[in-house]
Amino acid sequence: MELVAIFVSAILINNFVLYYFLGICPFLGVSKKISSALSMGLAVTFVMTITAVVSWAINHWILIPHKLDYLQIVSFILVIASLVQLVEMFIRKMSPPLYQALGIYLPLITTNCSIMFLALLAALRNYSLAEAVAFGVGSGLGFTLAIILMAGIREQLDLADVPEPLKGAGIALIVAGIMALAFMGFIGMIK
Amino acid sequence: MSTRSIGQEFVKGLWDENPVFRQLLGLCPTLAVTGWVINGLAMGLATSFVLIFSSLVVSSIKKFIPSQVRIASYIVIIATFVTIADRCMAAFFPLISKNLGPYIPLIVVNCIILGRQEAFSSRNSVGRSFIDALGMSSGFVLALLILSSIREVLGVGTFLGLQVMGTWFKPWIIMILPPGAFLTLGILLGIALHIERKTKARK
């Protein structure tokens, strides 16, 4: 039950993009087309799931037993950087078209703050391995949901008459604000 | 090498290349911590500390960093200063540190800092990098102050905890909640672009 609560609240209630404001750069950068938004979301979900497992292992098997938890920031960022590098090599070998579609945003997942935040929050809340995985998968799916909804709205927005200075990032942020407003309706779903 | 004068190097960070309003960098902390002016200010100062010291270190050892591993080296340097900032905040300002929570460690992935190392400190002298980092930090603090002032005054009617609105004012709670951050920043970006166009047209 606890696992389901963590999973659902990571997707809907404490959505990484709309509640914690994480990963805004890819959220605004890759949300022009639904197809690329979907692959970006899945790549992030994939990296998040592995990060949740690896950072949990490092935190519980290396850092805490040796009282080195002040090294969390440095070690997590290095783990994430090398993981993204691995995923990048893997995708380039297995699916070159997907690699082309993600382009520069794939290496940029390293500096996507949502991944780092995931590792830190799981450590801060003292999640068990299963909880950390539920949290990682849920957060990734939440990001995917938000970016796909955004891409769908922006495809329609191309046809709308937006005031000149608000075109681009301005209107995208206002749309995100309205989406965040809608997502606030989910608060109270889980006590 | 940059050909600007020292003064211009500083001023460009405030408006022409303002990291938030013009370059759209570091939006995550900008949106996340600006519900209260005090949090915005603390975040701005912590980021400035990290940016200035990382720029100093990177520009002074730039000749010894092999270009293949430069990004990883910058990240380790930045992470070191973030750890220092995080520990100092926790020791001296426990309340603010608790409010900002994991957003302080997240300075390590703030694209403004890595961006300045890659675009500026790795190619310019120590002095120039210092001035550049100072200008960019001031621009970032300025942006956070504008955003958090609007949100705190409209959201709860206070500024730095002091009551500024009269009793007639009914607070717009939505401004300090997540949607308020997106809406305020979206409108501010529109205004910034509008001012930019007006000044360009006049020239």
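Lettering follows sequence order; numbering is per chain, from 1.
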- prompt: Hey, which of B:Ala32, B:Pro29, B:Ala79 has the most heavy atom pairs under 4.5 Å with chain A?
  reply: B:Ala32
- request: Counting only heavy atoms closer than 4.5 Å, note whether A:Met179 contacts chain B via side chain, backbone, both or neither.
  value: neither
task: Give the C-alpha distance, both sets of side-chain angles, the deciding distance and a yes or no for side-chain contact (heavy atoms from CB on, under 4.5 Å) between A:Glu164 and B:Arg197.
output: CA-CA 10 Å; A:Glu164 199 58 37; B:Arg197 276 158 193 273; 3.6 Å; yes
query: Which answer fits A:Leu78, side chain, backbone, both or neither, if we ask what part of it has an atom under 4.5 Å from a heavy atom of chain B?
result: side chain
- prompt: In terms of heavy-atom proximity below 4.5 Å to chain B, should A:Ile174 be classed as side chain, backbone, both, or neither?
  reply: both
statement: Okay, A:Gln72 and chain B: the region with an atom under 4.5 Å from a heavy atom over there is neither
- line: When A:Phe21, A:Phe27, A:Tyr19, A:Phe183 are each screened for ring-ring contact (aromatic ring centres under 6.0 Å, His included) with B:Phe182, the one that passes is A:Phe21
field: Matching residue for B:Pro105 among A:Ile73, A:Ile77, A:Leu124 - test: side chain to side chain contact (heavy atoms under 4.5 Å, CB included)
entry: A:Ile73
- prompt: For B:Ile187, is it the side chain, the backbone, both, or neither that has a heavy atom closer than 4.5 Å to a heavy atom of chain A?
  reply: both
task: Counting only heavy atoms closer than 4.5 Å, note whether B:Leu24 contacts chain A via side chain, backbone, both or neither.
output: side chain
- line: When the 4.5 angstrom heavy-atom criterion is applied to A:Leu120 and chain B, the contacting part is side chain
field: Contact class of B:Leu31 relative to chain A, heavy atoms under 4.5 angstrom
entry: both
